[in-house]
Amino acid sequence: MKKLWCKLLIMVCCVVGLMGVSYVPAQAAVVNHTLNYFHYNTYKDGDGRNWVRIEMGMNKGNLEYEVSQNPDKPFQLVVKLNNTNRGDVKKNIGLDRKIARYMTLKNDHRDMVATIAVTDNLEDHEYKVYTAEVDKKNRKPYRLVIEIAADKGSVNKAVGDERLDGVEGHTVVIDPGHGGTDTGAIGPSRVKEKNITLKISQDVARILQLNGANVVMTRDTDVDVYGPNATDKQELQARVNVARRHPDADIFVSIHCNAFTKSSAHGTSTYYYGHSSRDSMLSQLIQNEMVAATGLYDRGIHSANFYVLRNSWIPATLVETAFISNPYEENMLASADVQHAMALAICKGISNYFRRVGR
Amino acid sequence: MKIRKIIAVIMIMVMAFAVAGCDQENKQPTDNGKKTVVENNTEKPTEEKITVKIYFPNSDATKLVAVDKTVKLAGTTKYKAAVDALMEGTDDSKLATVIPKQAKLLGVTVNGDTARVDFDKGLVKHFNGGSTGEEFLVGSIVNTLTEFPEIKKVQITIEGRNVYTLKGHMDISKPLGRMTEVLK
Ligand SMILES: [Zn+2]
């Protein structure tokens, strides 16, 4: 019996609630709002991005408003406040000049139109418009708030576990192993190394770019870097040369899948040549993250006389993600989830490296 | 035409080495005292048997394991006999055969302290690659040959030519010394 009462009570509440939501704005439409407060300031958010915040206060709540952009005037953000009068607030108001230049307020019949001139195309800015209730503590009335960021923000911003410190401003060369006429190793179920290395590399590039790094790919499609039918020297040197053409490149990361004649060989390993201690440091930091992310057997880091590593002028590493010749690991490598986990692990290793060596 | 000529010259050279491999080696001027031992071995009749130490990776490819094998010299050098034994592979389930069965050994020549091991293209074509695969294929050949004290370096060639890598990882363009890192 108690339960039934509860359900009934909830239903009644819902109905009343719904009526309230639809009812209040209908009445608000006939309420005349008059501006009585204006304030603007700039601030930095948690990600260090600059914003300008514009607050227009008024005598009553429940404002209806419309946000629009004029395609012919891409430098303007237009907000129409329904049933609103400008009151004592000035017609033209200068703003911070870095994000927004000025705002004009114009009465248009029963409504008021606020036009904000931004410093460049509105497409390049993230913005939000919302109402705020009376703030007694700060002596602020009910307000319409417009916030405009200095950049586009969240669309090209790493979120969650993809947010990494230390990579911003660094240039990373990513070398997806093999490609084009060179398939690399082939697994027992015919999974090709060149396809897996490209997928992981593209994800590594995406994550690094979201975090503000510059990424240079030796290849971004299924191609030979030098060209088809090149000698192995031409092909490998072409990959090394991609890094040499970018004098600001900080590190070179080659991504591969391992293979052995016996399918029993398994695990993850990372190789370096050892021009300096940074090669082994970068390798070890990536290896640590790879093992933690995949749970694969830790084969450790190894110094090896590999062409792309020996001929690199910058700290270089070659990640042997897993054994494509081992059926279990071939399956893993073919999985999009595992590819992403590996890409993220490589990025975390890179992030840890830059945090350690600094600028 | 030029290519044909080069191939012809290489073929003749290879044949010369193959036919008179041991003579070639003995003619090399050397002050290595052990050379005489080699001479004695190679001049003996074909039924001569020697024991060589050859290297196979363990089945998880974490290290090379030395295996003693008795081989017939059968008119060839102990160097070629050792590589032949390596190419025969192993039946031991704890070990792995790394050189593809389809690969052909074209010859082993020794010049000073460096052995040149020449394979046909089958070595590259039928080898699946991988950093570990390459390290252990190259390591098994290099370490088997450097087991002979007079051999310090090994150059792997394909049809008479130096190559940079087998499958895009390890640089084998220059003679390689004993690979202790895969012995553990
Ligand atoms: Zn590879």
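Residue numbering restarts at 1 for every chain, and letters A, B, ... go by the order of the sequence lines. As the structure is a computational prediction, the values presented were derived from the model and not from experiment.
Between the NE2 atom of B:H126 and the OG1 atom of A:T261 there is a distance of 15.0 Å, given to the nearest 0.5 Å. Of the inter-residue distances, the one linking A:K262 atom NZ with B:D60 atom CG reads 10.5 Å to the nearest 0.5 angstrom. Here the CZ atom belonging to A:F306 is positioned 3.5 Å from the OG atom belonging to B:S131, to the nearest 0.5 angstrom.
In this structure, no portion of B:L137 lies under 4.5 Å from any heavy atom of chain A. Neither the backbone nor the side chain of B:I99 comes within contact range of chain A, judged by heavy atoms closer than 4.5 Å. For B:V163, the parts lying near chain A are the backbone and the side chain together; criterion is any non-hydrogen pair under 4.5 Å.
At a heavy-atom separation below 4.5 angstrom, chain B is approached by A:D232, A:K233, A:L236 within residues 212-237 of chain A. Listed in order of number, the residues of residues 80-93 of chain B that approach chain A to under 4.5 Å between heavy atoms are B:D92, B:S93. Using a 4.5 Å cut-off between non-hydrogen atoms, the part of residues 178-207 of chain A that approaches chain B consists of A:H178, A:G184, A:A185, A:I186, A:E193.
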Side chain to side chain contact (heavy atoms under 4.5 Å, CB included) between B:V98 and A:F260, intermediate numbers included: CA-CA 8 Å; B:V98 273; A:F260 189 61; 3.6 Å; yes
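Residue pairs meeting the side chain to side chain donor-acceptor pair (under 3.5 Å) criterion with at least one partner in residues 285-299 of chain A, sequence neighbours excluded, are A:T270-A:Q287, A:Q284-A:N288, A:Q287-A:D298, A:E289-A:N352.
Contact between A:S303 and B:E135 at its shortest, heavy atoms only, is O-OE2, 4.5 Å.
The environment of B:K125 atom NZ is sparse: at most 12 non-hydrogen atoms of other residues, nucleotides or ligands sit within 6.0 angstrom.
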